[in-house]
Amino acid sequence: MKLVFFGPPGAGKGTIAGKLAADRALPHVSTGELFRTAIKDHTPLGIQITDMMDSGALVPDSLTVEVVRKRLEQDDARGGFVLDGFPRTIPQADALSRTSDLSLVLNLIVGDETLIARLSGRRVCVSCGFNYHIKFLPPKKTDVCDRCQGTLMQRKDDTEVSIRRRLDVYQTQTEPLIEYYRDKGLIADVDGSPPPDDVYAAVLEVLGI
Ligand code: AP5
């Protein structure tokens, strides 16, 4: 299976893609995570993209396509993958189509008010990267990861200003991909607004699993 999870910031791409990838033993390839790791490790790429990421702008296509190309060339991605956050522009989608025949693009649909509530309440473990939400998926102990006892922090791009920018960027640059993939018969719309377990069950149904 070569899948793409598509949807606006906060739609639940990471949450659902992560679970599906773990359950099906497929690599979960999140461009956001790859970029955040580069920033954390102070690599040349990380230094170059820090300000863009924090402000909610997209990383240039040339850099993004190269990062994904290298990741998908690794052995674990040969049998399939679950992409999350890529592609986000038409040039990225064109580049992906030259190297991979996608099985399906799962388009998670969630309204703006819910997206803002999810992003502003998200907390991420600095050690293992697991995502929580102060209301919808709270940790047992405030600001402590249930899994590894790491500290939970707010992402730098989860500020009000950055969230608004990300939603604008999604509408102008990323949303046109829905028609791009619909024309290819590859889009499956999924209501992303119910609780995560229900969204996951709907995704499995679409995939016939
Ligand atoms: P990225 O990390 O991809 O961020 P995003 O697309 O803005 O998506 P998010 O991670 O914010 O949300 P999500 O849909 O994964 O939701 P999540 O599951 O976390 O990208 C970050 C930045 O990197 C970009 O702004 C850009 O700068 C750069 N970048 C990345 N890819 C790029 C590309 N291809 N090209 C160029 N630049 C790129 O859930 C959110 C919260 O809601 C969590 O707290 C979660 O617990 C909760 N939640 C999830 N599902 C549910 C549910 N069903 N019910 C209730 N709560 C839920």
Side-chain angles (χ1 to χ4, degrees), residues 4-21 28-39 45-46 48-69 71-72 82-96 106-111 113-125 129-139 145-146 152-159 161-171 173-175 177 190-203:
V4 169
F5 273 86
F6 190 86
K13 302 182 295 295
T15 302
I16 304 298
K19 182 161 171 49
L20 182 69
H28 172 201
V29 179
S30 155
T31 36
E33 277 308 310
L34 291 169
F35 290 149
R36 279 185 287 279
T37 303
I39 291 174
L45 172 70
Q48 195 178 346
I49 65 176
T50 300
D51 290 346
M52 301 171 204
M53 293 267 299
D54 288 353
S55 72
L58 290 186
V59 173
D61 287 337
S62 54
L63 296 176
T64 307
V65 165
E66 189 56 14
V67 164
V68 174
R69 186 187 64 75
R71 180 62 188 89
L72 295 186
V82 183
L83 274 169
D84 154 14
F86 181 93
R88 259 172 151 101
T89 63
I90 303 275
Q92 291 181 16
D94 285 340
L96 181 63
L106 292 132
N107 177 32
L108 300 181
I109 300 171
V110 179
E113 270 183 31
T114 304
L115 297 174
I116 292 167
R118 285 185 187 177
L119 293 173
S120 47
R122 171 166 53 192
R123 297 293 181 271
V124 182
C125 175
F130 192 75
N131 273 351
Y132 293 85
H133 190 281
I134 50 173
K135 192 167 159 199
F136 307 131
L137 192 63
C145 179
D146 294 348
L152 305 187
M153 301 282 286
Q154 193 159 23
R155 256 170 56 176
K156 280 195 177 164
D157 60 350
D158 278 346
T159 60
V161 172
S162 185
I163 291 171
R164 287 194 189 290
R165 174 105 190 257
R166 286 157 64 205
L167 290 172
D168 278 352
V169 166
Y170 174 77
Q171 276 162 13
Q173 299 189 53
T174 306
E175 219 167 32
L177 282 178
V190 175
D191 179 4
S193 52
D197 286 350
D198 295 354
V199 178
Y200 189 62
V203 164

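These figures come from a predicted structure and were not determined experimentally. First listed ligand is number 1; within each ligand, the first listed atom is number 1.
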Exercise for the section: Examine Val59 against ligand 1 and note whether any of their N/O atoms are separated by less than 3.5 Å. Expected result: yes
Handout entry: Step-by-step side-chain contact (heavy atoms from CB on, under 4.5 Å) determination, Arg165 to Ser55
Key = CA-CA 7 Å; Arg165 174 105 190 257; Ser55 72; 3.4 Å; yes
Practice task
Could you check atom 41 (C) of ligand 1 against the protein and tell me its nearest heavy-atom contact, residue, atom and distance included?
Solution key: Arg118 O, 3.7 Å
Exercise for the section: Please round to the nearest 0.5 Å and tell me the distance separating atom CG of Leu177 and atom CZ of Phe6. Expected result: 4.5 Å
Exercise for the section: Drop me the distance from Ile90's CD1 to Asp61's CG, to the nearest 0.5 angstrom. Expected result: 10.5 Å
Problem - Identity and distance of the protein heavy atom lying nearest atom 8 (O) of ligand 1 - result: Lys13 NZ, 3.2 Å
Handout entry: Over 12 non-hydrogen atoms of neighbours within 6.0 angstrom of CZ in Arg69
Key = yes
Practice task
Please identify which atoms of ligand 1 are closer than 4.0 Å to at least one heavy atom of Gly85.
Solution key: 31 (N), 32 (C), 33 (C), 34 (N)
Problem - Heteroatom proximity flag, Gly10 to ligand 1, N/O under 3.5 Å - result: yes
Practice task
Could you find the nearest protein heavy atom to atom 44 (O) of ligand 1 and give me its residue, atom name and distance?
Solution key: Tyr132 O, 2.8 Å
Problem - Heteroatom proximity flag, Asp84 to ligand 1, N/O under 3.5 Å - result: no
Handout entry: Option with minimal heavy-atom separation from atom 32 (C) of ligand 1, where the choices are Arg88, His133, Arg122
Key = Arg88
Exercise for the section: With heavy atoms of Ala57 as the reference, note each atom of ligand 1 found under 4.0 Å away. Expected result: 26 (C), 27 (O)
Problem - Contact summary for Gly10 and Leu115, nearest pair of heavy atoms - result: C-CD2, 3.6 Å
Handout entry: Identity and separation of the nearest protein heavy atom to atom 4 (O) of ligand 1
Key = Arg155 NH2, 3.2 Å
Problem - Any Gly7 heavy atom less than 4.0 Å to ligand 1 - result: no
Completion exercise
In this structure, atom 49 (C) of ligand 1 is nearest to the protein heavy atom Thr15 OG1, 3.4 Å
Problem - Closest protein heavy atom (residue, atom, distance) for atom 7 (O) of ligand 1 - result: Arg166 NH2, 2.8 Å
Practice task
Test Asp158 against every option in Arg123, Arg118, Arg166 by the side-chain hydrogen bond (donor to acceptor under 3.5 Å, both in side chains) rule and name the one that passes.
Solution key: Arg166
Handout entry: Heavy-atom gap Pro194 to ligand 1 smaller than 4.0 Å
Key = yes
Practice task
For ligand 1, note which part of Pro195 has a heavy atom under 4.0 Å away: side chain, backbone, both or neither.
Solution key: backbone
Completion exercise
Heavy-atom proximity to atom 22 (C) of ligand 1 ranks first, among Lys135, Lys156, Met53, for Met53
Handout entry: Thr64 neighbourhood, listing ligand 1 atoms whose heavy-atom distance to it stays under 4.0 Å
Key = 33 (C), 34 (N), 35 (N), 36 (C)
Fill in the blank from the handout: among protein heavy atoms, the one nearest atom 38 (C) of ligand 1 is Phe35 CE1, 3.7 Å
Exercise for the section: Consider every N or O of Asp158 and every N or O of ligand 1, then say whether any pair is closer than 3.5 Å. Expected result: no
Handout entry: Distance-only N or O hit between ligand 1 and Pro9, under 3.5 Å
Key = no
Problem - Given Leu63, Thr50, Leu45, the one that forms side chain to side chain contact (heavy atoms under 4.5 Å, CB included) with Phe35 - result: Leu45
Problem - For Phe136, atoms of ligand 1 separated by under 4.0 Å from a heavy atom - result: 55 (C), 56 (N)
Handout entry: Contacting atoms of ligand 1, where contact means under 4.0 angstrom from a heavy atom of Pro8
Key = 14 (O)
Exercise for the section: Would you mind checking which non-hydrogen protein atom is closest to atom 35 (N) of ligand 1, with the distance to 0.1 Å? Expected result: Gln92 NE2, 2.9 Å
Handout entry: Main-chain N/O of Val169 paired with Gln173 side-chain donor or acceptor, under 3.5 Å
Key = no
Practice task
Report the C-alpha separation of Leu167 and Ile116 in whole Å, then their side-chain angles, then the decisive distance to 0.1 Å, and conclude whether the side-chain contact (heavy atoms from CB on, under 4.5 Å) test is met.
Solution key: CA-CA 9 Å; Leu167 290 172; Ile116 292 167; 4.0 Å; yes
Handout entry: Min N/O separation Glu33 to ligand 1 under 3.5 Å
Key = no
Exercise for the section: Apply the test side-chain contact (heavy atoms from CB on, under 4.5 Å) to residues Val203 and Phe5: give CA-CA distance (whole Å), side-chain angles for both, the deciding distance (0.1 Å), then the verdict. Expected result: CA-CA 10 Å; Val203 164; Phe5 273 86; 3.9 Å; yes
Exercise for the section: Any atoms of ligand 1 less than 4.0 Å from a non-hydrogen atom of Gly14? List them with their elements. Expected result: 13 (P), 15 (O), 18 (O)
Completion exercise
Within the 4.0 Å heavy-atom cut-off, what Pro87 brings close to ligand 1 is neither
Practice task
Work out whether the distance between some heavy atom of Arg123 and some atom of ligand 1 is less than 4.0 Å.
Solution key: no
Handout entry: Element-labelled atoms of ligand 1 that are located less than 4.0 Å from some non-hydrogen atom of Leu119
Key = 11 (O)
Handout entry: Closest non-hydrogen atom pair between Val82 and Ala17, with its separation
Key = CG1-CB, 3.7 Å
Problem - Min N/O separation Leu58 to ligand 1 under 3.5 Å - result: no
Fill in the blank from the handout: One finds that the ligand 1 atoms under 4.0 Å from a non-hydrogen atom of Arg36 are 2 (O), 21 (C)
Practice task
Take Tyr132 and Asp146 through the test side-chain contact (heavy atoms from CB on, under 4.5 Å) and record every step on the way to the result.
Solution key: CA-CA 10 Å; Tyr132 293 85; Asp146 294 348; 3.6 Å; yes
